[in-house]
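To start, the structure itself, in structure tokens.
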Amino acid sequence: MEIKFWGTRGSIPAPGPLTFDYGGNTTCVEVILGSGRRVVIDAGTGLRLLGNEMKSLGAPVSFHLLLTHNHWDHLLGLPFFAPIYDEDTEVIVDGWPHAFQAMTRIFDDHLGNGFFPVAFDQLKAKISFLNHVARGPITLDGVKIDAIPLNHPQGGLGFRFREGEHSFVFITDNELSPGSERRFREFVQFVKGCDLLIHDAQYLPEELKHHRGWGHSTYEEVVNLAVRGKVRSLLLTHHDPSRSDAQVRQIVERARQLAASQGATALQIDAAREGSTLHLP
Ligand SMILES: [Zn+2]
Ligand SMILES: [Zn+2]
């Protein structure tokens, strides 16, 4: 599997010289399976850039779009995703059940409502909604995809991809701390032994008391999850829009020190960076 980050920022785009390194676009991750099939996780503003790349390849665009939840930073890229205006584009949407409706509401409803002048049913692409993965695992070209409910206002889903021996987990917009120990164990079980965990680490531990119930985690909680789940590598994502590149680097350093203090010296930790590509294995 190949994993490419088109957007790693949380809550709202944060462009500018201070966020140049980790990027200002909101969540969008492209996963290319071994078969060549594309799965895109979330339609944040990074989706616009992915759409431009897809167009430049010249072939008809076809992919699965897995939506984690219905908040705007995870849907805002859709109206600016150029292939959505092409007749030969096919988008198969799955994920959080309410996210599909939310995605249609960005567009006009022929009554002048919505946040964009074009109506959803005027889009030329063939867009369908499966609503499968919330009900149980799905398999795409031999890759099994499971989902786990998240601790987030209005709900959401995290995903685990397994291809052969290898797996990765993508969990954004998830508050690990308010849950019970039983709930935390569910997350540990979900990430258990994966090659790569990508998890929201929007807040610093010292900021969390002001943001309880907002549905995000700290690097401390995420490192604890990674250590208990014995994952091989961890990428922090959903960077706070106020966080500069230097501050993201500090968070990575603190996370590495914490993991080392827990004896997890083999755990690789970094921050997800817009424009970067990873290969599993
Ligand atoms: Zn978000
Ligand atoms: Zn959210």
Side-chain angles (χ1 to χ4, degrees), residues 3-16 19 22-31 39-50 65-81 93-106 115 133-134 147-159 168-179 183 187 190 197-204 207-208 210-219 221-222 225 234-244 247-248 251 271-274:
I3 302 162
K4 182 159 185 182
F5 292 93
W6 293 91
T8 62
R9 192 61 53 175
S11 307
I12 194 165
T19 57
Y22 292 98
N25 279 299
T26 65
T27 306
C28 180
V29 180
E30 178 187 17
V31 184
V39 179
V40 177
I41 306 173
D42 279 348
T45 59
L47 184 70
R48 183 181 67 83
L49 304 170
L50 173 56
L65 176 60
L66 282 183
L67 297 173
T68 60
H69 67 304
N70 44 337
H71 289 159
W72 62 358
D73 51 319
H74 300 260
L75 298 173
L76 267 178
L78 270 170
F80 301 93
F81 176 61
V93 185
D94 206 333
W96 181 242
H98 303 289
F100 184 69
Q101 261 220 325
M103 154 181 166
T104 64
R105 282 199 295 265
I106 290 173
F115 300 104
V133 75
I148 187 169
L150 304 179
N151 296 322
H152 197 62
Q154 298 172 289
L157 292 175
F159 303 111
F168 82 92
V169 172
F170 183 85
I171 297 179
T172 190
D173 296 59
N174 184 45
E175 189 166 349
L176 285 165
S177 59
R183 187 82 175 102
F187 283 109
F190 192 73
L197 168 64
I198 305 161
H199 198 292
D200 159 16
Q202 180 158 353
Y203 298 134
L204 295 171
E207 294 169 340
L208 194 59
H210 301 296
H211 300 286
R212 288 270 180 222
W214 289 32
H216 300 285
S217 296
T218 69
Y219 72 84
E221 295 161 337
V222 178
L225 174 65
L234 169 64
L235 281 179
L236 310 173
T237 192
H238 208 270
H239 312 307
D240 192 90
S242 67
R243 208 78 72 203
S244 69
Q247 289 168 326
V248 173
I251 288 173
R273 184 181 269 112
E274 181 180 323

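Whatever order the structure lists ligands and atoms in, that order sets their numbers, starting from 1. What you see is a predicted model, and the numbers here were worked out from it, not measured in a lab.
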Strictly by modelled atom types, are Ser177 and Arg212 linked by a side-chain donor-acceptor pair under 3.5 Å? yes

Option among Thr26, Thr27, Asp173 that satisfies the side-chain hydrogen bond (donor to acceptor under 3.5 Å, both in side chains) test with His238: Asp173

Please name the atom of His152, limited to N, O or S, that comes nearest to the Zn ion (ligand 2). NE2

Do any protein N, O or S atoms sit under 2.8 Å from the Zn ion (ligand 1), and which ones are they? Asp73 OD2, His74 NE2, Asp173 OD2, His238 NE2

So among His211, His152, His239, His210, which one has a ring-ring contact (aromatic ring centres under 6.0 Å, His included) with His216? His152

Spell out, as yes or no, whether a donor-acceptor pair under 3.5 Å connects the side chain of Asp200 to the backbone of Asn174. yes

Run the ring pair (Phe, Tyr, Trp, His ring centres under 6.0 Å) test against Trp72 and tell me which residues pass, sequence neighbours left out. none

Spacing of Ile106 atom CD1 and Leu75 atom CG [to the nearest 0.5 Å]: 4.5 Å

